Amino acid sequence: MANVLRNSAKFGFSGVLSQLSIHSRHGRECVSPCFSLQQRNNSTSPKIKVDLDSSTGVAVLRMQSPPVNSLSLDFLTEFCINLEKLEMDRSCRGLIITSTLSKVFSAGLDIMEMYGKSPERCGEFWKAVQEMWLKLYGSNMATIAAINGSSPAGGCLMSIGCDYRIMADNPRYSIGLNETQLGIVAPFWFKDTLVNTVGNRAAELSLELGLLYSAPDALKIGLVDQLVPEDQVLSTAQDTMSKWLAVPGQNTLSHWLYRVRTLSLSHTGCTGSEHSPSHWLYRVRTLSLTLAVPGQNTLSHTGCTRSEHSPSHWLYRVRTLSLTLAVPGQNTLSHTGCTGSEYSPSHWLYRVRILSLTLAVPGQNTLPHTGCTGSEHSLSHTGCTGSEHSLSHWLYRVRILSLTLAVPGQNTLPHTGCTGSEHSLSHTGCTGSEHTLPHTGCTGSEYSLSHWLYRVRTLSLTLAVPGQNTLSQYTL
Ligand SMILES: CCCCC/C=C\C/C=C\C/C=C/C(=O)SCCNC(=O)CCNC(=O)[C@H](O)C(C)(C)COP(=O)(O)OP(=O)(O)OC[C@H]1O[C@@H](n2cnc3c(N)ncnc32)[C@H](O)[C@@H]1OP(=O)(O)O
């Protein structure tokens, strides 16, 4: 395997990826994941075994692909089909994922899939990796990883795609996103999932150094939630699952609100229904990896030209930069008004982040240096007509306004210049009657004020990608 990795590095992942990128641009059709998965499952020996206990509504999915449960295309295909079947089975509410192999949960992506394969095969493989994550992270079931062995890289992604992680208390077992140590870079959605699990700083260290954590260390940083003796991993997972399933509606709103942010950021820039999430994940990931190619990582469109920054160092930072400044199609620093060398990125990042979060009234957060390029986007547009209105004045108003927004039937924001009934939920990004926040279950006046206060605030922050902040693009 070491040879494979060395050769992969020698011949260049980026070369493969650029071919993939071209392939993608030239019309890979977006088909339903279910359809495409079923088409390509040619394997006969089951790599996955599923047992659904109809009395508890809990399924145990066992990975049984020796020697190490590596995530090959066949494996992923089978995994996704099983996941999809369980998802569609209303009697199944909880899913536990574990391994039948001793010592290994999953070794992550199958290295052999990443070497010497045609661009078509690579594309299929990569799409399957994304689908595994989308299906798991977007699952409506409560999910628990019963990690009874090592779980590096893609195995770790699978684990952190679950709601809860129980690991065998064995210091010889390790878990983590170690891709950097292999000379490859973990895709940004791997990163996002890790950040959601262990927080920013731990994720940053972990990714830049490509760290693998022993089970006890993984518990310390919160990468796993619980360590138990090896022979109790599954039974503890089953006990834990019953607690999760006892929470009313646990796998609906609260479960989703948290995840939707990650999922929607994953396809930032998606402007039409032709772009499926996986399509975007694939492209965006390819683009970000391209940025990591030594000699090409000048990131000229972010204004960064300094060659002393190593790819992995930059990749993680640039991701943060572009997500923070995520005005789709405009997320370059130049579009934020930063036009000269006097404005360093950090100077801008700090200001723009504060401003955009503080004034986050989607479609109205028009401070000229946050991406507004025309005279129509002045402060006057939001009701502020002259220089007498200072920022603090605005901060104050906008806070009041966001509260006003939360009153059903009054969320017309007159102070921002919105005067007609067309301006209601549009301020949260909803532009038509089809955007009734279906994903939160809020459909009408039956919801009380406190209910709304809570939801609308969360929603506007969560979905605040101006011009893109509807979930309609993503069919849950
Ligand atoms: C297609 C275009 C896509 C381009 C993508 C580019 C970039 C992607 C960026 C990042 C995403 C990457 C994610 C990944 O998951 S990469 C994979 C990383 N995985 C690892 O680093 C794990 C390596 N394996 C181990 O650490 C150990 O094997 C283990 C899991 C701890 C188990 O140890 P153990 O001692 O029990 O077993 P062995 O090491 O002896 O291995 C047994 C056997 O399995 C083979 N093997 C191990 N891991 C893999 C693997 N990931 N893929 C394929 N095969 C694997 C190993 O070579 C041995 O085989 P052998 O024939 O020698 O017996």
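The shown structure was predicted, so the numbers you read here are calculated from the model rather than taken from an experiment. Atoms within a ligand are numbered from 1 in the order they appear, just like the ligands themselves. Below, all heavy atoms of this structure are taken into account, side chains as well, without hydrogens, waters or symmetry copies.
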The answer for which part of Leu182 has a heavy atom under 4.0 Å from ligand 1 is side chain

I'd like to know whether Asp163 forms a side-chain hydrogen bond (donor to acceptor under 3.5 Å, both in side chains) with Tyr137, so could you lay out the CA-CA distance, the side-chain angles of the two residues, the decisive distance to 0.1 Å, and finally the verdict. CA-CA 8 Å; Asp163 293 305; Tyr137 204 60; over 6 Å; no

Report yes if some N/O of Ser150 lies less than 3.5 Å from some N/O of ligand 1; otherwise report no. no

Going by atom type alone, with no hydrogens or angles, which donor-acceptor pairs under 3.5 Å involve a side-chain atom of residues 231-241 and a protein atom two or more places apart or on another chain?
{"residue": "Ser235", "atom": "OG", "partner": "Gln232", "partner atom": "O", "Å": "3.2"}
{"residue": "Thr236", "atom": "OG1", "partner": "Gln232", "partner atom": "O", "Å": "2.5"}
{"residue": "Thr240", "atom": "OG1", "partner": "Thr236", "partner atom": "O", "Å": "2.7"}

Indicate yes or no: at least one non-hydrogen side-chain atom of Ser72 is less than 4.5 angstrom from one of Met112. no

Please round to the nearest 0.5 Å and tell me the distance separating atom CG of Leu245 and atom CZ of Arg93. 4.5 Å

Need the ligand 1 atom indices (1-based, order shown) with element for anything under 4.0 Å from a heavy-atom of Phe125. 1 (C)

Looking only at heavy atoms, is any part of Ile111 under 4.0 Å from ligand 1, and if so is it the side chain, the backbone, or both, or is it neither? both

Near Val104 (heavy-atom distance under 4.0 Å), the atoms of ligand 1 are 32 (C)

For atom 3 (C) of ligand 1, which candidate among Phe190, Tyr173, Trp126 holds the nearest heavy atom? Trp126

Working to the nearest 0.5 Å, report the span between CD1 of Ile48 and OG of Ser65. 7.5 Å

Would you indicate which of Ala107, Ala153, Ser70, Ser174 comes nearest to atom 20 (C) of ligand 1 when only heavy atoms are counted? Ala107

Polar proximity ligand 1 side, Cys122 side, N/O cut 3.5 Å exclusive: no

Using a strict 4.0 Å cut-off to heavy atoms of Pro152, name the atoms of ligand 1 that fall inside it. 22 (C)

Looking at CG of Leu194 and CG of Asn200, how far apart are the two atoms once the value is rounded to the nearest 0.5 Å? 10.0 Å

Number the atoms of ligand 1 from 1 as they appear, then name those within less than 4.0 Å of a heavy atom of Asn178, with their elements. 21 (O)

Show me which atoms of ligand 1 lie under 4.0 Å from any heavy atom of Pro67. 43 (C), 44 (O)

With sequence neighbours left out, what residues match Ser102 under side-chain hydrogen bond (donor to acceptor under 3.5 Å, both in side chains)? none

Show, in sequence, the C-alpha distance, side-chain angles and deciding distance for Asp110 and Ser70, and conclude whether the side-chain hydrogen bond (donor to acceptor under 3.5 Å, both in side chains) test is met. CA-CA 5 Å; Asp110 192 312; Ser70 61; 2.8 Å; yes

Polar-atom distance check: Gly108 versus ligand 1, any N or O pair below 3.5 Å? no

Give the intermediate values and the outcome of salt bridge (Lys or Arg N to Asp or Glu O under 4.0 Å) for residues Glu84 and Lys135. CA-CA 8 Å; Glu84 202 160 273; Lys135 284 183 192 306; 2.4 Å; yes

Atoms of ligand 1 less than 4.0 Å from Met114 heavy atoms? 5 (C), 16 (S)

